[in-house]
Colleague: 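Here it is, the structure in full.
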Amino acid sequence: MPSAIVILAAILLVSTTRTVHADAVTPKRAVELERLIRHDCGSCHGMSLKGGLGPDLSSRKFNGTPPPAIAAVILDGIPGTAMPPWRPLLSEAEAHWIAAYLAKGSAP
Amino acid sequence: MTRWLAVLMMIGGACAAFQQPMARATGVADRGHPEIRGTGDLGIVVERASGSLVVFDASRRIPIGRIEGLGDLSHASAVMTPDARYAFVFGRDGGLTKVDLLTSSIVKRIMQAGNSIGGAISDDGTLVAVANYEPGGVRVFDAATLDTVADIPATWSGGRSKVVGLEDAPGRRFVFSLWDAGETWVADFSAGSNPSVTRLYGTGDRPYDALITPDGRYYIAGLFGEDGLTTIDMWGDTLAPRRVLQGYGNGEAKLPVYKMPHLEGWAHAGDRLALPAVGRSEVLWIDSRTFEEVGRSKVHGQPVFAVARPDGRHVWVNFAHPKNDTVQVLDSLSGAVIKEFKPGPAVLHMEFTPRGHEVWISVRDANAVHVYDTRTFEKKAEFTAASPSGIFLTSRAYRTGF
């Protein structure tokens, strides 16, 4: 029972955070982020995000991975791999916006 | 009177008969390009987002044509035929396209893999090799027909490895490295279309790109997973990887790498090689024979390209996101930054004219290509191109490793 509460709380926390973050990206910034995804994530993942040195980022590859988990990888990278942490360049809100964008398969 | 007329008619007829094969012999006039011209000063700019190329005349500094329909050209590169007329363009999506710079048209296009990173042309100009991520390996094609000559799967204990750093070596050979496996392979086509493949182990942790020196002697692979590079002396009786510049990071944590640096034979500057450090805002200088470090330059950001002007006197450097609006010029003797300027947002590539008097720079987010005088740094010309990235002059045809 306590664990269920923790999980529920975590879900609530995660979903509220996500909503807040998604709202925090202005339409102008969204256009810039789309460009960043295409060209800068695209340096490794390919401009159409079908993969390169880094893996394919098509939505089917995420296989239902929740966007907050994707955002965590964007922000902190994957140590020991070529995936760098983007925290120095992106706010949490922006990382969550990108995660949501990728998860729903809006890739160019 | 009638006799004169007959003679005149005969002359006229002879001229007409003579003109016909003349026009055909040029091969160009027939296709509606009346100008007869050389190709030694032509080049292409890759328009990465639209899958197209701009063909330009480097002497007049103007675009002269556009070629569309080349697929996904993010991270595209090109090599040139020995007659400096045709380019082979390697697309990210596995497309291999042969284009004619004289007529601005596609000669042939094939989809040879699912995901590719670049290619090379053999020293005799007859073979074109492509490095593939998916399926991992190298495929080799006849330069005249694009028919398959050989398929070399990069198979190792972990499956198939992504291939990087594919370079041509003298004697109809190709050298390339395996990102996942940490190996370097040499495919020798000197005996014909069936290569003998030599597999070298111990290149290092995740080679990300490589170069071959202009004399074809040293193959040098950059490593992402460790502090160092690996050299292979191609003149040696037995080929063996040798680690150099080990521990150049002094044990310090690497900066996040948002874009892998690129290595190419243009690193050669006088008696040194200028190499971009990985995860550090530095250009490393090493002696081109001993491979000992002889200095390092602190630069504006993490270098992507460190390109020596063809005479080697200066090295021009551009940088990874988010510092990619800037170019710095280094003095090859002192390593000092002698010039810094900001061509515009997202400087992706720099290509020198063969003798280095001018440099062509693509400024992706300004949708522009700039031409600079390399001594006065004055901008000589500018034209529009859609998200320009790689720039390739036909003079690459005559350089090993290009």
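Letters A, B, ... are given to chains in the order of the sequence lines, protein chains preceding strands, and every chain is numbered from 1.
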Colleague: Chain B: which of A:A82, A:G42, A:C41 shares the most heavy-atom pairs with it under 4.5 Å?
Modeller: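 The candidate making the most pairs under 4.5 Å is A:A82.
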
Colleague: When you look at B:K259 and A:H39, which way does the side chain to side chain contact (heavy atoms under 4.5 Å, CB included) test go after all the steps?
Modeller: CA-CA 11 Å; B:K259 188 173 168 72; A:H39 290 293; over 6 Å; no

Colleague: Non-hydrogen atoms of chain A under 4.5 Å away: do they reach the side chain of B:Y258, the backbone, both or neither?
Modeller: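 Both the backbone and the side chain of B:Y258 come within 4.5 Å of chain A.
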
Colleague: Under 3.5 Å, side chain of B:N115 to main-chain N/O of A:G51, donor-acceptor pair present?
Modeller: yes

Colleague: Can you say whether B:S389 sits under 4.5 Å from chain A via the side chain, the backbone, both, or neither, judging by heavy atoms?
Modeller: neither

Colleague: Once rounded to the nearest 0.5 Å, what's the spacing between atom SG of A:C44 and atom CE of B:M260?
Modeller: 5.0 Å

Colleague: Charged N to carboxylate O below 4.0 Å: is that the case for A:K50 and B:D93?
Modeller: no

Colleague: Taking the side chain as every heavy atom from C-beta outward, state whether B:R92 and A:M47 have any atom pair closer than 4.5 Å.
Modeller: no

Colleague: Which answer fits A:L36, side chain, backbone, both or neither, if we ask what part of it has an atom under 4.5 Å from a heavy atom of chain B?
Modeller: side chain

Colleague: Report the option among B:R48, B:K254, B:R206 that has the most heavy-atom pairs separated by less than 4.5 Å from atoms of chain A.
Modeller: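 Top option by heavy-atom pairs under 4.5 Å: B:R48.
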
Colleague: Does a side-chain heavy-atom distance below 4.5 Å link A:L53 with B:W179?
Modeller: yes

Colleague: So which part of B:D365 gets closer than 4.5 Å to some heavy atom of chain A, the side chain, the backbone, both or neither?
Modeller: both

Colleague: Report the option among A:G52, A:G77, A:G80 that has the most heavy-atom pairs separated by less than 4.5 Å from atoms of chain B.
Modeller: A:G52

Colleague: Less than 4.5 Å to any heavy atom of chain A: does that hold for the side chain of B:A346, its backbone, both, or neither?
Modeller: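 Neither part, no heavy atoms under 4.5 Å.
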
